Protein chains: 2
Amino acid sequence: MQAKNINAHLTEISTYFKMAISVDCVIFGFDNDELKVLLIKSDLNEFTGKWSLLGDIVRPEEELNEAAYRVLKARTGLDHVYMEQVQTFGGVHRHPAGRVITVAYYSLVNIEQNELKKHGNELHWHTVKDVTDMAFDHREILQSCHERLKHKVIEQPVGFNLLPKKFSLRELQNLYEAILDVKLDRRNFRKKFLSMDLLVDLHEEEDDVPHRPARLYKFNFEKYDQRKKRYLGIGF
Amino acid sequence: MQAKNINAHLTEISTYFKMAISVDCVIFGFDNDELKVLLIKSDLNEFTGKWSLLGDIVRPEEELNEAAYRVLKARTGLDHVYMEQVQTFGGVHRHPAGRVITVAYYSLVNIEQNELKKHGNELHWHTVKDVTDMAFDHREILQSCHERLKHKVIEQPVGFNLLPKKFSLRELQNLYEAILDVKLDRRNFRKKFLSMDLLVDLHEEEDDVPHRPARLYKFNFEKYDQRKKRYLGIGF
DNA sequence: CCAAAAGTGTTGTGTCTACACCCATGG
DNA sequence: CCATGGGTGTAGACACAACACTTTTGG
């Protein structure tokens with residue numbers, strides 16, 4: 001903005017007091033070989049029975065991502081989680097209470113090490129593929145975040161945030177298949193990841209499985225960070 | 001947002017009346033083999049002499065992209081231009097007049113067929129690489145949009161919006177080199193684009209050049225749209 | 001010994017990179 | 001005839017896709 005002095009701005013700003021800003025969090029998890037999203041039952045009358053993303057109004061002295069982290073922490077207790085801003089939705093009538101423009105974030109959490117703070121609210125992990133109708137424009141927001149995640153996950157190693165620290169290659173492949181909604185060739189997948197030389201063989205194995213146990217790995221974030229990013233190519 | 005009834009929302013919204021939403025447009029052009037951006041001299045006292053993006057407050061009954069198109073049209077007279085939302089910047093003190101959260105868009109225009117509406121304001125095309133200090137957080141916004149454009153241009157044929165309808169392969173290569181800030185091999189570049197079979201040879205040639213004239217092409221958008229998008233690969 | 005998933009290589013196909021010379025035009 | 005950029009092909013390296021059998025464990 002420019003071409004106005006500050007007083008003109010102040011006048012203009014108070015004219016537009018009917019708007020509010022919110023953040024909405026698409027919290028992704030991975031469980032049972034499926035991509036999940038954490039939703040809550042809406043308790044607006046307009047949307048009774050529908051599921052809603054977790055969100056809140058942005059406070060006056062609060063950064064946008066602070067607001068998103070606050071929402072996330074309030075519901076999951078988690079902090080220091082991977083989070084990325086995706087898109088802002090400003091449909092004039094998207095919120096029945098007035099003009100509420102919302103900034104959408106997605107975050108990636110490990111469901112297993114996660115204690116939900118349910119507060120009596122109905123908070124549930126839903127399989128992303130099965131979510132149909134949602135409150136507000138939240139289905140559009142969810143899809144938009146899922147698309148962004150699909151792109152991100154083939155460009156950077158963010159998917160590991162959805163897995164436990166120790167994981168098998170099978171779990172990793174299932175994760176990619178769930179996010180991208182494709183089937184991948186097992187040998188080629190393993191070859192690709194092992195050849196990147198970023199997985200650390202922990203010399204441990206799965207436990208309590210009714211078949212041959214798989215080796216467990218962890219991702220070497222330090223090594224990845226030190227590498228020069230080569231753009232114009234795919235796969236990290 | 002959820003877990004509140006509408007009255008609670010209304011109360012909350014009026015509590016936060018000090019916020020305003022703006023849009024800021026990063027208008028890219030291509031001229032003289034350089035990526036350009038359209039900037040205006042800021043006339044806020046805090047930023048005298050600094051350059052600023054084109055932006056404005058979002059009106060109460062206006063969609064975000066409508067606001068962005070309005071700003072664009074007011075300055076360039078152009079409509080029906082490629083435009084994409086990039087990111088929302090909500091730093092608490094990013095605007096001296098108060099809390100102004102801004103949604104950043106970039107758009108791609110053809111400088112040649114473009115008549116600026118200068119209105120006495122100082123409006124100029126700047127070489128992106130040479131822009132240093134700007135008003136507000138506009139340099140960060142510019143960089144963010146440039147990054148997004150870099151990704152976009154290797155995934156989808158948006159770059160053609162910066163060129164005249166008829167262009168030579170050299171111009172196209174210069175465009176990619178300017179946007180990505182890399183040097184590309186001429187023969188490989190030509191091979192790649194010609195093999196996509198999306199450039200239409202117009203059987204015309206450049207004029208008024210002091211050397212052998214190049215063939216002119218146009219991009220076949222119809223053919224591109226009809227093709228199935230194959231993901232997980234680069235280059236359209 | 002049976003079921004279930006882990007682990008493992010090769011071959012063909014296509015894509016990317018590197019690289020040097022002749023051609024057409026204007027001046 | 002000179003300067004300037006236009007136009008062209010090939011060979012090696014690399015990445016990706018397709019594909020089947022043996023191994024290990026628990027029950």
Side-chain angles (χ1 to χ4, degrees), chain A residues 32-34 153-155 157 163-164 166-178 180-218 227-236, chain B residues 32-34 153-155 163-164 166-178 180 182-218 227-236:
Chain A
N32 199 238
D33 296 345
E34 290 178 313
V153 88
I154 60 177
E155 286 183 347
L163 292 176
K166 303 175 179 186
F167 52 86
S168 67
L169 282 168
R170 163 64 63 182
E171 285 174 294
L172 186 60
Q173 180 174 347
N174 287 342
L175 175 71
Y176 274 78
E177 290 182 341
L180 299 172
D181 195 25
V182 291
K183 266 295 176 196
L184 300 172
D185 180 89
R186 192 161 94 252
R187 279 180 287 189
N188 293 334
F189 183 86
R190 299 169 70 88
K191 220 182 313 167
K192 179 151 187 179
F193 270 84
L194 291 173
S195 73
M196 297 189 319
D197 203 28
L198 288 170
L199 294 182
V200 181
D201 185 344
L202 295 170
H203 302 290
E204 291 180 62
E205 293 182 340
E206 285 179 312
D207 230 357
D208 299 321
V209 288
H211 53 76
R212 175 172 175 180
R215 279 191 206 162
L216 296 179
Y217 296 86
K218 67 172 183 176
R227 286 202 186 157
K228 295 188 181 175
K229 315 282 162 72
R230 31 177 169 126
Y231 289 109
L232 296 184
I234 233 163
F236 309 166
Chain B
N32 199 238
D33 296 344
E34 289 177 315
V153 89
I154 60 176
E155 286 183 347
L163 292 175
K166 303 175 179 185
F167 53 86
S168 68
L169 282 170
R170 163 64 64 181
E171 286 174 293
L172 186 60
Q173 181 174 346
N174 287 341
L175 175 71
Y176 274 78
E177 291 182 342
L180 300 173
V182 291
K183 267 295 178 196
L184 300 172
D185 180 90
R186 192 158 97 255
R187 278 179 290 189
N188 293 334
F189 183 85
R190 300 170 69 88
K191 221 182 314 167
K192 178 152 186 178
F193 270 84
L194 292 173
S195 73
M196 297 188 319
D197 203 30
L198 288 170
L199 295 182
V200 181
D201 185 343
L202 295 170
H203 301 290
E204 291 180 63
E205 292 183 341
E206 285 179 312
D207 230 358
D208 300 321
V209 287
H211 53 74
R212 175 173 175 180
R215 280 189 205 163
L216 297 179
Y217 296 86
K218 67 171 184 176
R227 287 202 185 156
K228 296 190 179 172
K229 315 284 163 69
R230 37 186 163 115
Y231 290 109
L232 297 183
I234 232 163
F236 307 165

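Every value quoted in this text rests on a predicted model; they were computed, and no experiment measured them. Numbered from 1 within each chain, the chains take letters A, B, ... in sequence-line order.
- Atoms OH (Tyr217(B)) and C1' (dG7(D)) sit 9 Å apart, rounded to a whole Å.
- Across all non-hydrogen atoms, the minimal contact from Glu177(A) to Leu184(A) is OE2-N, 2.9 Å.
- Residue Arg215(A) is in sugar-phosphate contact alone, with no base atom involved, counting any heavy-atom pair closer than 4.0 Å across all strands shown.
- Atom-to-atom, CG of Leu184(B) to C1' of dT15(C) comes out at 16 Å; the value is rounded to the nearest Å.
- Spacing between atom CG of Asn174(A) and atom P of dA5(C) amounts to 11 Å, rounded to whole angstrom units.
- Rounded to whole Å, the distance from CZ on Arg190(B) to P on dA18(C) is 18 Å.
- For the pair Arg186(A) CZ and dC16(D) C1', the computed distance is 18 Å after rounding to whole Å.
- Contacts of Glu205(B) classified as salt bridge (charged side-chain N to carboxylate O under 4.0 Å, His left out), with partners at least two apart in sequence or in another chain: none.
- Applying the side chain to side chain contact (heavy atoms under 4.5 Å, CB included) test to Asp208(A) and every residue at least two apart in sequence or in another chain returns nothing.
- Taking the salt bridge (charged side-chain N to carboxylate O under 4.0 Å, His left out) definition, one finds that Asp207(A) meets it with nothing, sequence neighbours left out.
- As a whole-Å value, the separation of Phe189(A) CZ from dG7(C) P is 13 Å.
- In plain terms, the two heavy atoms of Tyr176(B) and Val153(B) that are nearest each other are OH-O, 3.3 Å.
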Go through Leu163(B) and Tyr217(B) one step at a time and tell me if the side chain to side chain contact (heavy atoms under 4.5 Å, CB included) criterion holds.
CA-CA 11 Å; Leu163(B) 292 175; Tyr217(B) 296 86; over 6 Å; no

Short N/O separations, protein against nucleotides 23-27 of chain D, under 3.5 angstrom:
{"from": "dT23(D)", "atom 1": "O2", "to": "Arg212(A)", "atom 2": "NH1", "distance (Å)": "2.9"}

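- When each of dG6(D), dA6(C), dC16(C) is scored by its nearest atom to the side-chain atoms of Arg170(A), the top-ranked nucleotide is dA6(C).
- Under the 4.5 Å side-chain criterion, counting only non-hydrogen atoms from C-beta, His211(B) is in contact with Glu206(B).
- Leu216(B) places its CG atom 17 Å from the P atom of dG5(D), with the value rounded to the nearest Å.
- Here the shortest heavy-atom pairing between Asp33(B) and Ala178(B) reads O-CB, 3.8 Å.
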Output one line per pair: protein atom, nucleotide atom from nucleotides 9-12 of chain D, and distance, for all N/O pairs under 3.5 Å.
{"from": "dT10(D)", "atom 1": "O4", "to": "Lys191(B)", "atom 2": "NZ", "distance (Å)": "2.9"}

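- Going from atom CG of Asp208(A) over to atom P of dA5(C) covers 16 Å, rounded to whole Å.
- Remark: Arg186(B) engages Arg170(B), Gln173(B), Arg190(B) in a side chain to side chain contact (heavy atoms under 4.5 Å, CB included) (not counting sequence neighbours).
- A sub-4.0 Å separation between OP1 or OP2 of dC16(D) and a side-chain N or O of Lys192(A) is present.
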